[in-house]
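Small disclaimer: the values here were computed from a predicted structure and weren't measured. The chains referred to below are lettered A, B, ... by the order of the sequence lines, with proteins before strands, and numbering in each begins at 1.
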There are 2 protein chains.
Amino acid sequence: MRKKVTLKQLAKELNLSISTVSKSLKNDPEISQKTINRVHELADFYNYKPNALAVSLKSSKTKTIGVVLPEILNHFFAKALFGIEQEASKSGYKIVTCITNESYSKEVEYVEMLNYSSVDGFIVALSQETQVLNKFDHYQALKRDNVPIVMFDRVSEEIECDKVIVDDKVASKNAIQYLVDTGCRKIAVIKTIGDLSVAKLRLEGVKEVTAQNNGVSLVELSLGDSESFENEIENFLKTNDIDAVLGLDETAAAVTINMSLKLGYKIPEDISVIGFTDGLLSKHSYPKLTTVSQHAEDLGARAAQILVNQLDNFTENYKTKTEIIKTSLIVRDSTN
Amino acid sequence: MRKKVTLKQLAKELNLSISTVSKSLKNDPEISQKTINRVHELADFYNYKPNALAVSLKSSKTKTIGVVLPEILNHFFAKALFGIEQEASKSGYKIVTCITNESYSKEVEYVEMLNYSSVDGFIVALSQETQVLNKFDHYQALKRDNVPIVMFDRVSEEIECDKVIVDDKVASKNAIQYLVDTGCRKIAVIKTIGDLSVAKLRLEGVKEVTAQNNGVSLVELSLGDSESFENEIENFLKTNDIDAVLGLDETAAAVTINMSLKLGYKIPEDISVIGFTDGLLSKHSYPKLTTVSQHAEDLGARAAQILVNQLDNFTENYKTKTEIIKTSLIVRDSTN
DNA sequence: GTGAAAGCGCTAACAC
DNA sequence: GTGTTAGCGCTTTCAC
């Protein structure tokens, strides 16, 4: 087993002290150029790299960011993770990723674990269960330890920290407005049970717009378990006289398109469809889905930027902020 | 800034030595029960947790696995990552995830970085560029350092390490055989340029089966840039008289379905379609795609299991193995 | 210019 | 039973 070379070994081989070698590697002007050269030469020869663990122990900085996500099979979070990783690695940070599977207890466990692993900071999207239970002691503990947190998308007002969110309410208002503007009058909203905070906001937006527009009616369909998604939507479409559907997540919209096709409804002639989250399904449905893009990559990247900035430029009285990333309506073929 | 409590502080407050405290926390029988109790009590009070950095420095184990992926927006790798994370966390390992974006130089950089961060082991899927360039010095370096590596899906014979792969050749043979068995005779294979090793195997499988079956013809379409995917496929379908398509990745198959719909071809009556990778698109296309499932989660999970097992039960003369995860053909509605 | 020494927080062999 | 000591690999202050 080849062991990684240490300062000690370099020092010994060069007949120098450890501290001299250490300083030489940092090109300390205290050290003679000649020594510096000798040291660098041998260090290069052995491909010396300082042991990150030891450096971290000394500096109490690990150049590591803990990323806590509720899901990863959801394309939205995969995109966000991508944005985070890109941005973090740009600044020399590694990310350790944990997936809570929407579970509160897993979230607590991971946050504590990461904290005791001395990550420099956290990027978090809350799990659904955490949002329901409204318990945030694990984050309060971080704050007491003075570990910076940036939350994105799934956030809570109860925790004072930087946040990067999407204005879901405005987004759904725009989507509905677009439907109304293109002549739709009998609008259905299909929502999944999950995603409380976010879904609630989206629904609020919907209601505001429909309330303001005379002659526009609204029907809601709440979906249960994903097993029966398709049948529920199919039945809903059959039994309701509607001319537009807003799916509060991507799957709901995609399935709506498929079931309409199955029932022989023409899209967008008979029914216009808009979805949330501009993922794979939206791009590869037929017809292609008009969709609210939440710019997940940007969200993640921005969260990472804010955190890195906070880590690299520590300030005593930091004032937290909430940043809103604009959504955009990507108009494709499922609307008029 | 509250500092995390250390052994030293506990020792001081209890008027004990650091080592006594350390041993007490481990319930060392050397220590009197009374002391043990006192120590535990105070440790609990302060919610003491050993500093992972210090423990790692001492033990040269970080309980961390470096995961190097070529992509994350690809559902296959997202699923694999999920499997890895689940399995790793089960055994108390954290994962630090790096995404090479199919770039060789990024891969090298990340592997070195992770190695100098003292990850205990690696789980890797090679980047496309690395596979093309056929350069693996960065892994040879790991082997010299005696750091275990498990590769999955995108592997190379040039590196001796544990591997978890899918038998792509058998998988595509089965897919084609299924098409033949259900009456298809004029089969098209649509392949993307990328994914060399894997795509090559899949194509080999295809050719073997078509060669063995008299009366079965094969046409190939190689796709360029994703921008023009759809047009290319549409034109191809228009100008070729075929009754079945095997898409060598999920997108190719999904787009084939959509373009067939557009052209008014009935699926599966006019054209049968099979895809690779059982992702979101396959489940939410219309009609639903018959697809080769590579069980990405299992792949990832198995890779993690093998690595963890190797890490937790170190043996001197370890013999590497290659494990093949069986694929399965998930028959849905796009085939007869 | 170079080196000795302390210390980051922990473990473990070895006193007493 | 408890404490002392050395050491993991590094940085940094201070002495020479």
Side-chain angles (χ1 to χ4, degrees), chain A residues 1-40 42-43 46-64 113 115-120 145-146, chain B residues 1-40 42-43 46-64 113 115-120 145-146:
Chain A
M1 156 109 72
R2 187 185 81 166
K3 300 258 302 172
K4 282 167 202 163
V5 72
T6 65
L7 283 187
K8 199 180 182 177
Q9 293 161 52
L10 293 179
K12 191 172 153 203
E13 195 155 333
L14 289 163
N15 262 314
L16 288 170
S17 73
I18 293 177
S19 50
T20 303
V21 175
S22 172
K23 286 173 191 163
S24 300
L25 288 170
K26 300 197 160 44
N27 296 312
D28 192 318
E30 260 183 359
I31 309 292
S32 74
Q33 196 55 49
K34 195 175 146 215
T35 306
I36 292 191
N37 292 341
R38 283 181 62 214
V39 171
H40 269 112
L42 194 70
Y46 281 125
N47 191 24
Y48 168 82
K49 293 276 164 36
N51 178 320
L53 248 30
V55 175
S56 295
L57 182 58
K58 229 11 307 202
S59 64
S60 39
K61 290 199 186 321
T62 53
K63 283 281 183 180
T64 301
M113 189 264 287
N115 191 25
Y116 287 108
S117 308
S118 306
V119 297
D120 293 342
D145 284 351
N146 243 284
Chain B
M1 158 108 71
R2 187 185 82 166
K3 300 260 299 175
K4 283 168 201 162
V5 72
T6 66
L7 283 187
K8 200 181 182 178
Q9 291 162 56
L10 293 180
K12 193 171 153 204
E13 196 155 332
L14 289 162
N15 262 311
L16 289 170
S17 73
I18 293 178
S19 55
T20 305
V21 175
S22 172
K23 285 174 191 162
S24 300
L25 288 169
K26 300 195 160 47
N27 296 312
D28 191 317
E30 263 182 357
I31 309 291
S32 75
Q33 196 55 49
K34 198 177 144 211
T35 307
I36 293 190
N37 292 340
R38 284 180 62 215
V39 171
H40 269 110
L42 194 69
Y46 281 126
N47 191 23
Y48 168 82
K49 292 275 166 35
N51 179 319
L53 248 30
V55 175
S56 295
L57 182 59
K58 195 80 246 219
S59 64
S60 39
K61 288 196 187 323
T62 54
K63 283 281 183 180
T64 301
M113 190 263 287
N115 190 25
Y116 287 109
S117 308
S118 307
V119 296
D120 293 343
D145 283 351
N146 242 282

**Request:** Could you list all the salt bridge (Lys or Arg N to Asp or Glu O under 4.0 Å) pairs where at least one residue sits in residues 28-39 of chain A, not counting sequence neighbours?
**Result:** A:K23-A:E30
**Request:** To the nearest 0.5 Å, tell me how far A:L14 CG sits from A:L42 CG.
**Result:** 4.5 Å
**Request:** Measure the distance from CG on B:L57 to P on D:dT11 and round it to the nearest whole Å.
**Result:** 12 Å
**Request:** Report the residues that fulfil side-chain contact (heavy atoms from CB on, under 4.5 Å) with A:V5, sequence neighbours left out, ordered by chain and then residue number.
**Result:** A:Q9, A:L10, A:Y46, A:Y48
**Request:** Determine: side-chain N/O of B:T35 to OP1/OP2 of D:dT2, distance under 4.0 Å, yes or no.
**Result:** yes
**Outermost DNA chain C nucleotides near chain B [under 4.0 Å, heavy atoms]** = C:dC8 to C:dC14
**Minimum side-chain heavy-atom gap B:L7-B:L25 below 4.5 Å** = yes
**Request:** Give me the residues of residues 24-33 of chain B where at least one heavy atom lies under 4.0 Å from an atom of DNA chain D, by number, or none.
**Result:** B:E30, B:I31, B:S32
**Asked** How many Å lie between CG on A:N51 and P on D:dC10, as a whole number?
**Response** 6 Å
**Message:** List the residues meeting side-chain contact (heavy atoms from CB on, under 4.5 Å) with B:K12, not counting sequence neighbours, and say none if there are none.
**Reply:** none
**Message:** Output the rounded distance in Å from CD (A:Q9) to C1' (D:dC10).
**Reply:** 14 Å
**Prompt:** When you measure from every atom of DNA chain C, which of residues 11-21 of chain B have a heavy atom less than 4.0 Å away?
**Reply:** B:I18, B:S19
**Request:** Rounded to the nearest angstrom, tell me the gap between atom CG in B:L53 and atom C1' in D:dT11.
**Result:** 15 Å
**Message:** Restricting to side-chain contact (heavy atoms from CB on, under 4.5 Å), what partner residues turn up for A:K61, sequence neighbours left out?
**Reply:** A:S59, A:D120
**Message:** List the residues meeting salt bridge (charged side-chain N to carboxylate O under 4.0 Å, His left out) with A:E13, not counting sequence neighbours, and say none if there are none.
**Reply:** none
**Request:** Under the side-chain hydrogen bond (donor to acceptor under 3.5 Å, both in side chains) rule, collect the residues that match up with A:N27, sequence neighbours excluded.
**Result:** none
**Request:** Could you tell me whether a side-chain N or O of B:T62 sits under 3.5 Å from a main-chain N or O of B:S118, the two making a donor and an acceptor?
**Result:** yes
**Prompt:** Is B:S59 touching bases, backbone alone, or none of the nucleic acid, heavy atoms closer than 4.0 Å?
**Reply:** nothing
**Prompt:** Under 4.5 Å between any side-chain heavy atoms of B:K4 and B:N51, yes or no?
**Reply:** no
**Message:** Is there a side-chain contact between A:S22 and the phosphate of D:dT11, meaning an N or O under 4.0 Å from OP1 or OP2?
**Reply:** yes
**Asked** Between B:K63 and B:S56, is there a donor-acceptor pair closer than 3.5 Å when you use the side chain of the first and the backbone of the second?
**Response** no
**Complete:** Sorted by chain and residue number, the side-chain contact (heavy atoms from CB on, under 4.5 Å) partners of A:T20 (sequence neighbours excluded) come out as A:L16, A:S17, A:S24, A:I31, A:T35
**Prompt:** Taking the side chain from B:S22 and the backbone from B:I18, do they hold a donor-acceptor pair closer than 3.5 Å?
**Reply:** no
**Asked** How bent is the helix from C:dG1-D:dC16 to C:dC16-D:dG1, comparing axes over its five end pairs at each side, to the nearest 10°?
**Response** 60°
**Message:** Applying side-chain hydrogen bond (donor to acceptor under 3.5 Å, both in side chains), can you list everything that pairs with A:K49, at least two apart in sequence or on another chain?
**Reply:** A:N47
**Request:** Classify the nucleic acid contact of A:K8 as base, sugar-phosphate or nothing, counting any heavy atom under 4.0 Å across all strands shown.
**Result:** sugar-phosphate
**Message:** Distance check needed: D:dT12 P versus A:K58 NZ, whole Å only.
**Reply:** 7 Å
